[in-house]
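Here's the structure, in structure tokens; my notes come after.
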Amino acid sequence: MGKVGFGLALGCATATCVIAAVMMGRRVRSRRKWRRVVAVMTELEDVCSTSVGRLRQVVDAMAVEMHAGLASEGGSKLKMLLTFVDTLPNGNEKGTYYGLDLGGTNFRVLRVELEGNRSPYIKHDVQRQPIPVDLMTSTSEDLCDYITSSLKEFVDKEEKSGSDVSVVERKQLGLTFSFPVKQTSVSSGLLIKWTKGFNIQDMVQGDVSMCLQRSMAKQGLDMRVAALINDTVGTLAVGHYHDSDTVVAVVIGTGTNACYFERADAIIKCQGLFTTSGGMVINMEWGNFWSSHLPRTPYDIELDSESPNPNDQIFEKMISGMYLGDIVRRVLLRMSQESDVFGPLSPKLSVPFILRTPLIAAMHQDDSSDLMEVSRILNDVLEIGEVPLKVRKLVVKVCDVVTRRGARLAAAGIVGILKKIGRDGSSSGGGRMKTEMRRTVVAIEGGLYTSYSMFRKYLHEAMTEILGEDIASHVVLKVMEDGSGIGSALLAAAAASSSASC
Ligand code: ADP
Ligand code: MG
């Protein structure tokens, strides 16, 4: 080989070595970055761990807090509000009743006809209307007048269309009012504060039913507010109408809450004043539950401290549809800050609540082999470019860990209620002595539970793990749609025979 040839060969060899070294360096750097992301994932999995032992601690804490909240006002973060609903519909109700559902952005009016014998109710012309934005900050009188005129229009139309509503009897109305209320009887209560963008100063501490009752008198509508409830109590009412073993109701949608039927002697803060002996429905406001056993991550703590209500609704912030997506976003942001597995840091990852929970459900449940839905959402919503399959799988894993934890905690909450009312199959003196277990139905409502099948599956799995298969087979979770609509009308019917007060 001549000098030139030798030089060329040497040059080639050197270049090959350099390329190999560069590639090796890149591989090492990329492996290091991947390891950093995997460390974030592993840490998330560790802190979110919901072993059955941990869940049982949450069950016990829930039962203890329930006792404390029933013992005295302010005794627990669980408010355990008295609803004065002492009679749940049992299917024997007869007659025509109206329901008015005033939620966040819409209100609606409906009418049900009941024929006894658990007859399927005949539901009439549900009328849904948005609440005009200017009314959300006007006066209580304006708001009540507006709702009443819509109600009157509905009733007049029904009567004109020849329905057989009695014009002699006073019409009974159930009102589902989805704002915090301190009940004073089954049909009246004082508004504690407005939420969801409403700000009507003169109604705070005012009687919600009286406001409506005044407007109805003004407009010549002969109707009585017979029940004032929230959506959870409505769900329990619908559940009990269909199946008298229904004793608990849980809502898992944008937010989360639960209620259940409690014995009179357990409601210590109402002792001596309680005029019926059977018991009443307690609105737990369980979203505000807190326990040191809750597996909270730095992402939860950050989400809470940046929220408009820090230190409130800690349980809700780990479970409900409003928050799951944002927890996932926070994890992805941290991963993206740790390394460039998602490419350059996307500013969209820093936008609160940009990743809504239905989107994490879509990524989590993407069953295409190349996870195209994950790619699409990362791209469309978070403006993250094409990422390798292993990174897309990591995103699915994050959704899985966050959703699984939420669902399992909700299950622990439900078992906590069952434990409090002696329906978890354990003896009250501790231990897990098998006792005769009664069939127990839990009515469930809410978009997160009904529309997110993986959430539902994890919740059911955890119930069985905590209770054991034997006991779990006696606990039926039943979806009850439209508790907030029909529930108030059914309770107006049941309240006809109720006399609870405190
Ligand atoms: P609300 O709680 O406001 O009364 P819903 O019970 O319908 O309303 O629940 C709506 C919530 O359920 C949404 O905010 C969302 O978080 C969640 N949700 C709705 N659809 C889905 C879905 N397909 N997958 C996951 N979560 C969903
Ligand atoms: Mg709802």
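For ligands, and for the atoms within them, numbers begin at 1 and follow the listed sequence.
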* Below 4.0 angstrom from a heavy atom of Gly253, which ligand 1 atoms are there? Numbered from 1 as shown, please. => 2 (O), 6 (O), 9 (O), 11 (C)
* Test item: Leu114 and Leu490 side chains (from C-beta on) under 4.5 Å apart, heavy atoms -> yes
* Could you tell me whether the side chains of Thr440 and Arg423 share a donor-acceptor contact shorter than 3.5 Å? => yes
* Do protein heavy atoms approach atom 4 (O) of ligand 1 to less than 4.0 Å? -> no
* Could you tell me which atoms of ligand 1, counted from 1 in the order shown, lie closer than 4.0 angstrom to a heavy atom of Ala361? => 24 (N), 25 (C)
* Protein contact to atom 17 (C) of ligand 1 [nearest heavy atom, distance to 0.1 Å] -> Leu448 N, 3.8 Å
* Structure fact -> In this structure, atom 6 (O) of ligand 1 is nearest to the protein heavy atom Gly447 N, 2.9 Å
* Asked: Heavy atoms, side chains only, cut-off 4.5 Å: are Glu285 and Leu81 in contact?
  -> yes
* Structure fact -> In terms of its nearest heavy atom to atom 16 (O) of ligand 1, the top option of Gly446, Gly483, Gly321 is Gly321
* Would you tell me whether Tyr452 and Thr403 have side-chain atoms, one donor and one acceptor, within less than 3.5 Å of each other? => yes
* Donor-acceptor pair between Lys317 and Ser307 side chains, under 3.5 angstrom -> yes
* To do: Using distance alone, with no hydrogens and no angle criterion, decide if Asp231 and Ser178 have a side-chain donor and acceptor under 3.5 Å apart.
  => no
* Asked: Under 4.0 Å from ligand 1, counting heavy atoms only, is it the side chain of Ser451, its backbone, both or neither?
  -> both
* To do: Give yes or no for whether the N/O distance cutoff of 3.5 Å, strictly under, is met between Thr254 and ligand 1.
  => yes
* To do: Measure up the Trp194 and Phe198 rings against each other and bin them: parallel (under 30°), tilted (30 to 60°), perpendicular (over 60°).
  => parallel
* Which of the numbered atoms in ligand 1 are below 4.0 angstrom from a heavy atom of Thr357? -> 16 (O), 26 (N)
